[in-house]
Structures are given as C-alpha cells and as structure tokens.
A.B. asks: 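Could you have a look at this structure, given as structure tokens, before my questions?
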Amino acid sequence: MIGAVDIGGTKIAVGMVDDGGRVLSRMQTPTDPNRYDEGIELISRLLRETAQKSGVEITGIGIGSTGPVDPIRGEFGDVDFLPGWRGKSPVKDLAQIFNVSVALENDGDAAALAEASWGAGRNRSRLIYVTVGTGIGGGIIIDGQLYRGVDGAHPEVGHHVVDPAGPECSCGFRGCWESLAAGPAMVAWLETHAPAGYPHREGITAKKICELAQQGDAIALQAVDHEAFYLGLGLANLINLFTPDAIVLSGSVMKSAPLFLDRIRAVIRSGCRFVPAEKTQLTLASLGDDTNLIGAARVWHYRFGKQA
Ligand SMILES: [Zn+2]
C-alpha cells in the first residue's frame, strides 16, 4: 500500500492508494509555507492516520509537489510560495521516519504518470497531460517514459509564449499560454470587456462564467470563445511540437470542457497543416479530483515498482 503525499501551495493532501490506483482514505491540511520541520511532522501524522483508517501498512511513499523539485536528489527546488522548504529533502526525511522507499516528482508529472497508467491515457505511448485551473501545468510521457529535461528538470508547458504583446507573467515573459488561457485570464477578459451595466461582474469567477455561458449569457459566451481560442493555440503548439497520441485535459476549467472543445478543435484544424493533428486525441482526464494524490502514489510505482 502506497502512502501518497500531494503538496500544493495552499494545501497538502495525504492518502492511501492501492495497486490499482484507488484511494482508500485521504486527509488534507493547509500548507504552512515557512516551517518545513512541522510540515514533515504533520505529513507523517496524516500518513499514519490514513493508514490506520484503512487498516493497511505503508510499503512505500510517493510525493507529488508543486513548483520546481529535483526528482533525482529528492529535494525541493526554488518553490516560490514555500520559501522555508527550499533545498529540503522530504524523500530522505520520510524514508528515515517510515523506513520505506520514497520518490518525489513535480505534481504535473505525477498526474501525467497517473493518467498514463490508471486513467484516460492508458495504452497511449506518447501522451501530454495538461491541467488548466488557476494556472496551466502538465507533464509529458514519451514511449511510456516520463520526459525529463536537463538535471531532471520539469518542462513548463504553461509558459510557452502565445502572444508577446500579452499580459506580464511571473516567469519573466509576456503573453505566456498560462497568462492568456488559465481561469484568471477568462475572468480578466470579462472584467475588461463586459459593458458597464453587466449584472454579473461583481465577484465573477471562471466557474461562474462557464455557468453563465451554459445559460446563454452573451458576454460569458464571448469570454468562453476567447478562452477557447487561446486554449486551442497552446494545444496546437503542443501538437506541432510533439504530435502525441493523446492530450489529456484536466483541471477546474476543463470541468466545463464541452463549452470549449469545438472551438479548440477548429483552432487546431486552422493550423497544424504539416502534422497529422487529427490523429492526436483530445481526451478528458478520468481520475477526477484525486488525480494529483493518485499521481503521487504512481510516482512510487514508476520509480520502484518494477523491482518490488
Ligand atoms: Zn510565463
């Protein structure tokens, strides 16, 4: 039984995941950005409690974490919103506490591994996983192997530029895919373009825009169209660069995927003429809200599963 740890900027989820990718028990807690030692203590306690709850023994631990991590050394990198965690090694620390093998990956890579083995990406050897929520992240699987950059680096699919005149991004560029096609971009578009008397402006969210669009609200439909255009551009770029078997779409914005998919496909068809773009399947992630947690467990299987 694998203890799974999903570390995000605002919360840490912990759970027990069996060999088929099923979550038997889970708990979560807010992330305390500064105190790593207390964080590890808390994670250990939650691992013990979730194991006890489902009456199992932990045989390995997998971690998926937001931000740059060093999967080879098992250390946190320059994680923006977790300044006190930089350079720390949860792999070494949890291995010592639980006396089991521990593996760490970026959470986008972890989720990609989960969808590739237990979810919508099964039997697709070239697969790109893309999650669209408050940001855009993902992971790339080529011939069944997780693609890693130099020194094990995780490529940032959300930070390829689609419009150099676009909004500033925290990475240093303007007009990254993330800054134009993540949930907040849809909100920003509506706030800028809705007429003065638009009744839904106050406290509008990406989710609310999708609901309004489903009800036929003309402004929300324009926001959705704009969003779908930029989603389509980024996906078309990925298809031109990789021509994968499938792109698995996930994240809160993709819960409303039917609103976007026709336009996305039209954008892809309008370019991508030199690759067999129609053969790349756009498919929705199938593991649901626990994808990252299940992914964390998959990280262990990916690293140690063959020998176990
Ligand atoms: Zn960027």
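Treat the numbers as computed from the prediction; the structure is a model and nothing was measured. Reckoned from all heavy atoms, side chains included, excluding hydrogens, waters and symmetry mates.
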A.B. asks: Give the cluster check for Val157 versus Val161: same hydrophobic cluster or not, with ILVMFWY residues linked at side-chain heavy-atom distances below 4.5 Å.
C.D. replies: no
A.B. asks: Calculate, to the nearest 0.5 Å, the distance between atoms OG and CG belonging to Ser250 and Asp289 respectively.
C.D. replies: 8.5 Å
A.B. asks: Within this structure, what is the CG-CD1 distance for the pair Leu94 and Ile58, rounded to the nearest 0.5 Å?
C.D. replies: 9.5 Å
A.B. asks: Counting only heavy atoms not in Arg35 (residues, nucleotides, ligands), do more than 12 fall under 6.0 Å from its CZ?
C.D. replies: no
A.B. asks: So does Asp18 have more than 12 non-hydrogen atoms from other groups sitting under 6.0 Å from CG?
C.D. replies: yes
A.B. asks: Say whether Tyr302 and Gln145, considering side chains only, have a donor N or O and an acceptor N or O under 3.5 Å apart.
C.D. replies: yes
A.B. asks: More than 12 heavy atoms of other residues, nucleotides or ligands under 6.0 Å from CD of Glu49: is that the case?
C.D. replies: yes
A.B. asks: For residues Leu221 and Tyr198: do they belong to one hydrophobic cluster (side chain heavy atoms under 4.5 Å, members Ile, Leu, Val, Met, Phe, Trp, Tyr)?
C.D. replies: no
A.B. asks: Any idea how Phe76 and Trp85 line up, ring-wise: parallel (<30°), tilted (30 to 60°), or perpendicular (>60°)?
C.D. replies: perpendicular
A.B. asks: How many angstroms lie between CE in Met254 and OG1 in Thr131, if you round to the nearest 0.5 Å?
C.D. replies: 9.0 Å
A.B. asks: So which atom in Pro164 and which in Arg174 form the shortest heavy-atom distance, rounded to 0.1 Å?
C.D. replies: O-CB, 3.4 Å
A.B. asks: Could you report the tightest heavy-atom contact between Ser179 and Cys169, atom names first, then the distance?
C.D. replies: CB-CB, 4.4 Å
A.B. asks: Ring of Phe98, cation from Arg48 - is the NZ or CZ under 6.0 Å from the centre and inside 45° of the axis?
C.D. replies: yes
A.B. asks: Determine whether Trp300 and Ile61 satisfy the following criterion, side chain to side chain contact (heavy atoms under 4.5 Å, CB included), listing intermediate values before the conclusion.
C.D. replies: CA-CA 6 Å; Trp300 184 89; Ile61 296 172; 5.7 Å; no
A.B. asks: Would you say the side-chain atoms of Thr31 pair up with the backbone N or O of Gly8, donor to acceptor, closer than 3.5 Å?
C.D. replies: yes
A.B. asks: Can you measure from CD1 (Ile239) to CG (Leu282) and round to the nearest 0.5 angstrom?
C.D. replies: 5.5 Å
A.B. asks: Show your reasoning for whether side chain to side chain contact (heavy atoms under 4.5 Å, CB included) applies to Trp189 and Ile209.
C.D. replies: CA-CA 11 Å; Trp189 184 91; Ile209 294 172; over 6 Å; no
A.B. asks: Taking only Lys NZ, Arg NE, NH1 and NH2, and the carboxylate oxygens of Asp or Glu, determine whether Glu105 and Arg298 approach each other closer than 4.0 Å.
C.D. replies: no
A.B. asks: Given His160, which partner from the list Trp177, Phe242, Phe173 fulfils the ring pair (Phe, Tyr, Trp, His ring centres under 6.0 Å) test?
C.D. replies: Trp177
A.B. asks: I need the minimum non-hydrogen distance between Ser89 and Gly74, along with the two atoms involved.
C.D. replies: OG-O, 3.2 Å
A.B. asks: Which is it for Ile219 and His200 under the side chain to side chain contact (heavy atoms under 4.5 Å, CB included) test, yes or no, and what are the steps along the way?
C.D. replies: CA-CA 10 Å; Ile219 300 296; His200 308 294; over 6 Å; no
A.B. asks: Flag the pair Leu212 / Ile204 as yes when at least one side-chain heavy-atom distance between them is below 4.5 Å, and no otherwise.
C.D. replies: yes
A.B. asks: Quick one: does any side-chain atom of Ser54 pair with a main-chain N or O of Thr50 as donor and acceptor, under 3.5 Å?
C.D. replies: yes
A.B. asks: With heavy-atom distances below 4.5 Å as the criterion, would you say the side chains of Thr291 and Tyr129 are in contact?
C.D. replies: yes
A.B. asks: Do Leu104 and Ser65 have side chains that get closer than 4.5 Å, going by heavy atoms?
C.D. replies: yes
A.B. asks: Could you state the interatomic distance from CD1 (Ile43) to CZ (Arg45), rounded to the nearest 0.5 Å?
C.D. replies: 11.5 Å
A.B. asks: Do other residues, nucleotides or ligands put more than 12 heavy atoms under 6.0 Å from the CZ atom of Arg265?
C.D. replies: yes
A.B. asks: Give the cluster check for Leu235 versus Leu127: same hydrophobic cluster or not, with ILVMFWY residues linked at side-chain heavy-atom distances below 4.5 Å.
C.D. replies: no
A.B. asks: Name the one of Val299, Asp6, Ile7, Val69 that satisfies side chain to side chain contact (heavy atoms under 4.5 Å, CB included) with Ile63?
C.D. replies: Ile7
A.B. asks: In a check of side chain to side chain contact (heavy atoms under 4.5 Å, CB included) between Leu231 and each of Ile264, Val267, Leu249, which one passes?
C.D. replies: Ile264
A.B. asks: Assess whether side chain to side chain contact (heavy atoms under 4.5 Å, CB included) is satisfied between Ile141 and Leu113, documenting all intermediate values.
C.D. replies: CA-CA 7 Å; Ile141 310 272; Leu113 286 170; 3.7 Å; yes
A.B. asks: Does the side chain of Val253 come within less than 4.5 Å of Glu227's, by heavy atoms?
C.D. replies: yes
A.B. asks: Is any side-chain heavy atom of Asp78 less than 4.5 Å from a side-chain heavy atom of Arg86?
C.D. replies: yes
A.B. asks: Do Leu42 and Tyr36 share a hydrophobic cluster (ILVMFWY, side-chain heavy atoms under 4.5 Å, transitive)?
C.D. replies: no
A.B. asks: Please check if the side chain of Glu178 supplies one atom and the backbone of Gly135 the other of a donor-acceptor pair under 3.5 Å.
C.D. replies: no
A.B. asks: Where do Val5 and Ala296 come nearest, in terms of heavy atoms and distance?
C.D. replies: O-CB, 3.4 Å
A.B. asks: Output yes when Arg124 and Glu115 qualify as a salt bridge under the 4.0 Å nitrogen-oxygen rule, no when they do not.
C.D. replies: no
A.B. asks: Do Leu233 and Leu180 come close enough that some side-chain heavy atom pair is under 4.5 Å?
C.D. replies: no
A.B. asks: Do you know the tightest heavy-atom contact between Val17 and Ala4?
C.D. replies: CG2-CB, 3.9 Å
A.B. asks: How about Asp143 and Arg126: do any of their side-chain heavy atoms sit closer than 4.5 Å?
C.D. replies: yes
A.B. asks: Side-chain contact test, heavy atoms from C-beta onward, threshold under 4.5 Å: evaluate it for Asp151 versus Asp70 and give yes or no.
C.D. replies: no
A.B. asks: Just by distance, do the side chain of Thr29 and the backbone of Ile12 share a donor-acceptor pair under 3.5 Å?
C.D. replies: no
A.B. asks: So with a 6.0 Å cut-off around CD of Glu191, is the heavy-atom count from everything else above 12?
C.D. replies: yes
A.B. asks: Hey, what do you get for CD1 (Ile2) to CG (Leu47), rounding to the nearest 0.5 Å?
C.D. replies: 11.0 Å
A.B. asks: Flag the pair Asp217 and Lys208 as a salt bridge only when some basic side-chain nitrogen lies within less than 4.0 angstrom of an acidic carboxylate oxygen.
C.D. replies: no
A.B. asks: Locate the shortest heavy-atom distance separating Gly152 from Ile72; write the atom from each residue and the value.
C.D. replies: CA-CG1, 4.4 Å
A.B. asks: Can you tell me if Thr283 uses its side chain to pair, donor with acceptor, with the backbone of Val248 under 3.5 Å?
C.D. replies: no
A.B. asks: Would Met27 and Leu293 show up in the same hydrophobic cluster when neighbours are defined by side-chain heavy atoms closer than 4.5 Å?
C.D. replies: no
